[in-house]
Student: 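For reference, the structure I am asking about is given below.
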Amino acid sequence: MHGHPFMQARTWAVIGSAAVLFAAAGWGLSRALIGPRPPAMAVAPPGDASMEARIARLEERLERIDASVSRLSSQPRDKRVPGHGAAGLHAQMQQASSPVEDAIRQKRTLAEYEQRFRNQSRTNQWGRDMAVRLTDNIDSEDILAVTSALPASFALDCRTDMCRMTFSFPDSSDAAQWTGAYLATLGESVGRIWSTEIARADGSSDIVMYGFK
Amino acid sequence: MTRIPFSAAACALAAGLAFMAAPSSSEAANSRSLYVAATSVCHVVDPSQADQLRFRHLGIFNMPQGSSVQVACSVLGDYEANTDDGWVRIEARNFRSGPASMNCAVSGGKRAYGVNNYPKTIHLPANGVGSALWENIDRMDVYGHYNIVCILPPNVELSTIWFGQYDDGGMI
């Protein structure tokens, strides 16, 4: 019985691969069970000075390698590559849960954008047009259709190529729904908007946004 | 029993090695893109509007009678991927006899330290399909996630979400 020529070739390919894998596995198993075959000149007679010197050099080299590994282990890891496997995953989880770092990062970004915003000119056509557009969107039909909670108050200011928007909500849980809808309705008006929430102890919150041209 | 010619065995061995070598080349990939129907990754933000939506095998459809509905969709971010060049393509189908538009914002980041949002409008021809592409989405950190919010108009279906990430380290 004859199959398709391609199937025959594939059959031989599979047989060949299996043979190679089987041979490799057998070789590996024999190495693991009985160890590598000793080379003909591996065993030196007792008292061989040259061999003792060679072993001493090897021991010295191993100590240097060991010291290098210890040094590398004590260095802080690159945050992006904590390693692989279970140990790497564990390191990722540990790094991810750092509210203090997140809070520092939020404050740092806020300060950076605020500084950049304050350095910009107030008299700018793009800024004036954008302020009108962003204000119009605050209670647009699209948003009113999909969210019930509106901000209790807001402040909006646009300058050379940035806008700053602050929306206050009595209930911070309402803020996310409105914010998501508001951002979606902005269409092509701004390229990127960085947003963050500043929550207060009484349950209210401010959503602060910086929009970039 | 038929003897196997040496040349045939050699060819089989070479082909076998080639088959074995093929998967290893994909281990060094530096990009990954995934397609998913909106049905499996999007949800209605306000459950009281859920009755207006139909979660179908080709996407989420907002029934003709009714208003726009806010839906939020999450796509998977990879820890190993770059943080500043993710991309998303969204396709939608308009069943109206006239053109329509759908507003969406793709975001990357985390509630704790802030989110980058990228608003965009998808223009949909009458009885046709439209799409929009977001590039260079910056999630700011390897722990940042990606999200999509769309205001789905009536008689429009949010169909396919195509999402991709790059990895300069070649680990994804």
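Residue numbers start from 1 in every chain, and the chains themselves are labelled A, B, ... in the order their sequence lines are given, proteins ahead of strands.
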Student: When only pairs under 4.5 Å are counted, which of Val106(B), Asp138(B), Ile148(B), Val115(B) shares the most heavy-atom pairs with chain A?
Tutor: Val115(B)

Student: Just give me the residue among Ala181(A), Ser189(A), Ala176(A) that pairs up with chain B most often, heavy atom to heavy atom, under 4.5 Å.
Tutor: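 Among Ala181(A), Ser189(A), Ala176(A), the one with the most close pairs to chain B is Ala181(A).
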
Student: So, Asn117(B) side chain and Ile193(A) main chain: donor-acceptor pair closer than 3.5 Å or not?
Tutor: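 Here the side-chain-to-backbone pair exists.
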
Student: Looking only at heavy atoms, which of residues 121-133 of chain B get nearer than 4.5 Å to chain A?
Tutor: Thr121(B)

Student: Run the side-chain contact (heavy atoms from CB on, under 4.5 Å) test against Asn119(A) and tell me which residues pass, sequence neighbours left out.
Tutor: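 Counting only residues at least two positions away or on another chain, Asn119(A) forms a side-chain contact (heavy atoms from CB on, under 4.5 Å) with Gln115(A).
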
Student: Can you tell me how far apart CZ (Arg108(A)) and OH (Tyr113(B)) are? Round to the nearest 0.5 Å.
Tutor: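 Reported value, rounded in 0.5 Å steps: 11.5 Å.
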
Student: Are there over 12 heavy-atom neighbours, none belonging to Arg56(B), within less than 6.0 Å of that residue's CZ?
Tutor: yes

Student: Inspect the surroundings of CZ in Arg200(A) and state if more than 12 heavy atoms from other residues, nucleotides or ligands are less than 6.0 Å away.
Tutor: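 Atom CZ in Arg200(A) is packed in, count exceeds 12.
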
Student: Most heavy-atom pairs under 4.5 angstrom with chain B, which of Ala199(A), Gly191(A), Ala184(A)?
Tutor: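 Of the candidates given, the most pairs with chain B belong to Ala184(A).
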
Student: For the atom pair OG1 (Thr196(A)) and CZ (Arg111(B)), what is the distance rounded to the nearest 0.5 Å?
Tutor: 9.0 Å

Student: Tell me, out of Cys150(B), Ala112(B), Ser101(B), who's got the most heavy-atom pairs with chain A below 4.5 Å.
Tutor: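 Between Cys150(B), Ala112(B), Ser101(B), the count favours Ala112(B).
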
Student: State the CD1-CZ distance between Ile137(B) and Arg192(A), to the nearest 0.5 angstrom.
Tutor: 12.5 Å

Student: Between Arg105(A) and Asp141(B) (salt bridge meaning N to carboxylate O under 4.0 Å), is one present in this structure?
Tutor: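 Yes, charged N to carboxylate O under 4.0 Å.
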
Student: If you define the side chain from C-beta out and look only at heavy atoms, does anything of Pro119(B) sit under 4.5 Å from Leu183(A)?
Tutor: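 A side-chain contact is absent here, since even the closest heavy-atom pair is not under 4.5 Å.
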
Student: May I ask you to decide if Asp46(B)'s main-chain N or O and Gln177(A)'s side chain share a donor-acceptor pair within less than 3.5 Å?
Tutor: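 Such a contact is absent between Gln177(A) side chain and Asp46(B) backbone.
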
Student: Which one of Ala72(B), Pro153(B), Cys104(B), Ser67(B) has the most heavy-atom pairs closer than 4.5 Å to chain A?
Tutor: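 Between Ala72(B), Pro153(B), Cys104(B), Ser67(B), the count favours Cys104(B).
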
Student: Side chain, backbone, both or neither: which part of Met102(B) has an atom under 4.5 Å from a heavy atom of chain A?
Tutor: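 For Met102(B), neither part sits under 4.5 Å from chain A.
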
